Amino acid sequence: MKIRVPHLAHWGAFTAVTENGRLTGCEPFFADADPSPMLGTIPELVYSDKRIRQPMVRRSWLKSRENSDRTLRGREDFVAVDWETALDLVAEENRRVRERYGASGIFNGSYGWSSAGRVNHARTLIRRFYFKGGGGVDQQGNYSWGAAQFFLPYVIGTYMPLTGRVTDWPEVVEHADIFVAFGGLALKNSQVASGGAGQHSLKPALEQLAAKGTPVINISPMRDDCPEFVKAEWIPIRPNTDVALMLALGYEIMQRNGTDEQFLATHCTGWPQLKSYLIGESDGVAKTAGWASRITGIPPERIVLLAQQLCGKRSFITCSYSVQRAHRGEQPYWMMIALSAMLGQPGLPGAGFSFGHGSMNSVGNPRQEGPAPLMSTGPNPSGLSIPVARISDMLLQPNQPYTFQGETLHYPDIHLVHWAGGNPFHHHQQLNRLVEGWQRPDTVVVQDIVWTPAAQMADIVLPATTTLERNDIGGSSRDRFVLAMHQAIAPQHQARHDFDIFADLAERLGYRDTFTEGRNEMQWIEYLYQQCAVAHAHKEIHFPEFEEFWQRGFVEIPEGGKPFVFMDQFRADPISHPIQTASGKIELFCQTIADFKLDDFAGHPEWREPQEWLGAEISADYPLHMISIQPSDRLHSQLDATPSVQANKTAGRETLYMHPQDAAARQIADGDEIEVSNARGRMLAGVKITDGLTPGVVIIATGAWFNPGFGGKWDAWDRAGNPNTLTLDIGTSSLTQGPNAMSCLVEIKKHQLCKTA
């Protein structure tokens, strides 16, 4: 007998189908016009042979505890223990470290993609657990748009547009005369949304834009960053040079008297300083099309033509998240804002600037404002945190200073890492360096579903259930649905719910009631639903009773309300509706930033060479610029262990795309196994040859499980094709310390089988 229950993943709502207690399929949600094919891979994850079947403890740690040989992490076998023993060990270590080193000795690590459910959301729960227990060291920001999150408030007063709250798609479709996408509009990225989604919106919106005939320009090293049906014009560009192109566009627009001087005077501050830089008064270099052409590789006449296309038009300009995920990645975001302001576009229907189209689902979704279900973590009593991407620095440089947001701070000295949900050996940069840092703490606890690289390098491993094995509630403030997540199957093996694991740990440490507030899983689900319902009732949006919601499986929130145009009130009256910057205006020159006197960050947008790009001296040794993109068949590294994803590999490794010109110069053929290397490491990959790239650029998806030889011959080689083996572990700038995990310079050659396992 088949049973169907409502459920939710980050790649969409669905109906879970079971037969005789076994998950057999996932049917798309009725309201989703473009459901993700990744739904079909979920059963493979649930029944994966990579599932953690029972609590495990690294052999020598079990014998010697904090005095064990930490270099054996990832190389040594594990001993199975029962749950009571495992929880006792974690609680004892928690107590020991807190008593000896305080909250600054504990790092509560996680990442937000751990579950679409809000009750068993590992990132929320681990923070709540440690905050209620006295605090720990937290992470600020994220790997998606961490640089922009800490930078944009200086310039436009908020980072909220990064979350998808930008001008609605219908307004763009109706009013935009031209749509310019820096970093493309990749449909594959729009298949995922944090917290899940009832609808996938990018493809239908782009179909409407294409039907209207609006010109779309894709500025990217990769042609296929835009779907073919959009008929976008592709302008290939060298990676990490977008700001140089934008500066030249600004210069050329000025030469054509295309600037909106009134808007610049009434809605912006700092235009004289930026103008001085554009024309070369401040540094002796005019930012002409010829100047930018030498940096970007774009012909000067095409730069001039693009400037002409923008002048006098209702223009919508967007930057993907990936554009800022690179050294000096704040600069193109700043100059895109400035460029749109020069044209007088912010606040107009269908015009202005935006972030994240083609980076994540729900960007520009029409919707009414309202919160999603959300469990509170409570405040962190220690007040301690680091920027999300500075994990290796923290572990390797305890007590050392670093600069962040204009302040000098110091890294804590970590003795216990407890990681629940997410795989740092996917997201982080320069993974061999992270391995070195991972060996420093006394103890590493990892709580997860499958044997990720992080779990394989832990001391204590706790098996968690998948969402299909528990009840939950999901939804996102970017989406119009609140969704019930019914348990579809029994927990597999000895896996336990994240909520129950933390509740039992809290009991051992004397604060179970504080952690649970006296509620079990279902009581929390109903409580979060009621909170959400009350918040929406204030807007006269009425939710049904919980029992009706749970049976039906969803609440649909009507689009309703006035179409949302970002900055429209500010545009209409900047005095009555100032933005939350120091000046109340868009800051083209920011005095606050200038006063920080940072060596790597001026008070206005500028071109300054990134550490690695195709114009750098080091490109003589590593002449290919490798860009990592999000995969089309998984969410980050989730699902990588499934047969469906493994079947998409090339030569058994992650697929790297290479231009025919670059392949021929290295005598590499389509389908070959290749070695990709630089001074930071080496990895194996399989090659596919395509002319849809800028010559000198190679593309590879992130998400392959890092494998330096777990349990066997450990060496510097990554066997899977994880590009973060090679990326540079520096912040995007000293202002934001954002993640720099998108690109680096490499060399490639055909793999010789005798050289590595």
Side-chain angles (χ1 to χ4, degrees), residues 9-12 14 16-17 22-28 34-52 113 186-192 200 222 224 227 423 425-426 448-453 455-456 466-468 492 626-658 663 668-676 683-690 692 698-710 717-725 748 750-751 753 756-757:
H10 288 302
W11 42 96
F14 63 95
V17 182
R22 185 174 179 85
L23 181 69
T24 58
C26 299
E27 300 171 347
D34 184 31
S36 172
M38 287 188 285
L39 293 176
T41 316
I42 292 174
E44 296 179 17
L45 176 67
V46 171
Y47 300 115
S48 171
D49 61 0
K50 303 295 191 298
R51 286 292 298 265
I52 303 168
W113 292 102
L187 285 180
K188 62 179 176 58
N189 297 340
S190 70
Q191 290 296 318
V192 300
H200 289 95
M222 188 177 183
D224 294 338
N423 175 15
F425 288 88
H426 155 69
D448 216 319
I449 299 164
V450 286
W451 283 100
T452 64
Q456 294 183 72
T466 67
T467 66
L468 276 301
Q492 300 297 291
M626 183 176 71
I627 299 292
S628 60
I629 61 173
Q630 293 303 320
S632 60
D633 56 2
R634 77 213 98 136
L635 167 56
H636 295 298
S637 71
Q638 293 182 39
L639 306 177
D640 188 60
T642 61
S644 291
V645 172
Q646 289 300 311
N648 293 334
K649 307 285 185 177
T650 301
R653 320 289 182 185
E654 195 66 43
T655 302
L656 180 141
Y657 296 89
M658 195 175 201
I668 291 172
D670 196 77
D672 278 349
E673 187 177 34
I674 55 174
E675 301 174 12
V676 188
M683 73 175 187
L684 299 178
V687 73
K688 290 290 185 184
I689 297 174
T690 175
V698 295
I699 304 285
I700 188 170
T702 80
W705 277 10
F706 176 62
N707 182 10
F710 291 121
W717 286 85
D718 169 50
R719 293 146 173 80
N722 187 317
N724 277 332
T725 305
I748 293 176
K750 193 170 181 177
H751 178 50
L753 293 178
T756 188

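The basis for the numbers below is simple: all heavy atoms, side chains too, and nothing from hydrogens, waters or symmetry mates. Predicted, not measured: the structure shown is a model, and the values here were computed from it.
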Working to the nearest 0.5 angstrom, can you tell me the gap between Trp11 CH2 and Ser36 OG? 8.0 Å
Taking all atoms of both residues into account, what is the closest heavy-atom pair of Ala704 and Gly721, and its distance? CB-O, 3.8 Å
If we only count heavy atoms from C-beta on, is the Thr24 to Pro43 side-chain gap below 4.5 Å? no
Would Asp640 and Lys50 pass as an ion pair if we require N to O under 4.0 Å? no
Let me confirm one number: the CG-CD distance from Leu45 to Gln638, rounded to the nearest 0.5 Å. 7.5 Å
Closest approach of Ala651 and Gly686, non-hydrogen atoms and distance? CB-CA, 4.3 Å
Between Asp633 and Met38, what is the shortest heavy-atom contact and its length? C-SD, 3.6 Å
Is there a donor-acceptor pair under 3.5 Å between the side chain of His10 and the backbone N or O of Val192? no
Where is the tightest heavy-atom contact between Ala669 and Val687, given as atom of each residue plus distance? O-CG1, 3.1 Å
Ion pair Glu673/Lys750, N-O distance below 4.0 Å: no
Please determine whether a side-chain nitrogen of the Lys or Arg among Glu654 and Arg634 lies less than 4.0 Å from a carboxylate oxygen of the Asp or Glu. yes
State, with a plain yes or no, whether a side-chain heavy atom of Ile674 is found less than 4.5 Å away from one of Ile668. yes
Let me confirm one number: the CD-CD1 distance from Glu675 to Ile748, rounded to the nearest 0.5 Å. 10.5 Å
I need the minimum non-hydrogen distance between Pro723 and Ala701, along with the two atoms involved. CD-O, 3.8 Å
Distance-only, no hydrogens or angles: does the Asn722 side chain make a donor-acceptor pair with backbone N or O of Phe425 under 3.5 Å? yes
Do Ile689 and Tyr657 come close enough that some side-chain heavy atom pair is under 4.5 Å? no
Under 3.5 Å donor-acceptor, Glu44 side chain and Leu639 backbone: no
Would a distance-only check, ignoring hydrogens and angles, find a side-chain to backbone donor-acceptor pair under 3.5 Å from Trp705 to Ser637? yes
Can you confirm whether Val17 sits close enough to Glu27 that some side-chain heavy atom of one is under 4.5 Å from a side-chain heavy atom of the other? yes
Quick one: ring pair (Phe, Tyr, Trp, His ring centres under 6.0 Å) partners of His426, sequence neighbours excluded? His636
Under 6.0 Å from the ring centre and within 45 degrees of the ring axis: does the NZ or CZ of Arg719 meet both conditions for the six-membered ring of Phe706? no
Whether the side chain of Asp718 engages the backbone of Asn707 through a donor-acceptor N/O pair (distance < 3.5 Å, no angle test) should be reported. yes
Ring pair (Phe, Tyr, Trp, His ring centres under 6.0 Å) filter on Phe710, not counting sequence neighbours, yields Trp714
With rounding to the nearest 0.5 Å, note down the distance linking CG in Leu468 to CD1 in Ile42. 6.5 Å
Within a strict 4.5 Å, meaning less than it, do heavy atoms of the Gln191 and Pro37 side chains meet? yes
Are Ile700 and Met683 packed together at the side-chain level, in the sense that at least one heavy-atom pair is separated by less than 4.5 angstrom? yes
Identify the heavy atoms of Leu39 and Pro28 that sit nearest to each other, and give their distance. CD1-CA, 4.0 Å
If only atom types and distance count, is the side chain of Tyr47 paired as donor or acceptor with the main-chain N or O of Leu23 below 3.5 Å? yes
Asp672 and His751: CA distance, side-chain angles, deciding distance, side chain to side chain contact (heavy atoms under 4.5 Å, CB included) verdict: CA-CA 8 Å; Asp672 278 349; His751 178 50; over 6 Å; no
The reported gap from CG in Asp34 to OG in Ser190 (rounded to nearest 0.5 angstrom) is 6.5 Å
For Lys188, check salt bridge (charged side-chain N to carboxylate O under 4.0 Å, His left out) against everything at least two apart and list the hits. none
Can you check whether Ile627 reaches Met222 side chain to side chain, under 4.5 Å on heavy atoms? no
Are Lys688 and Leu656 side-chain neighbours, meaning at least one heavy-atom pair lies under 4.5 Å? no
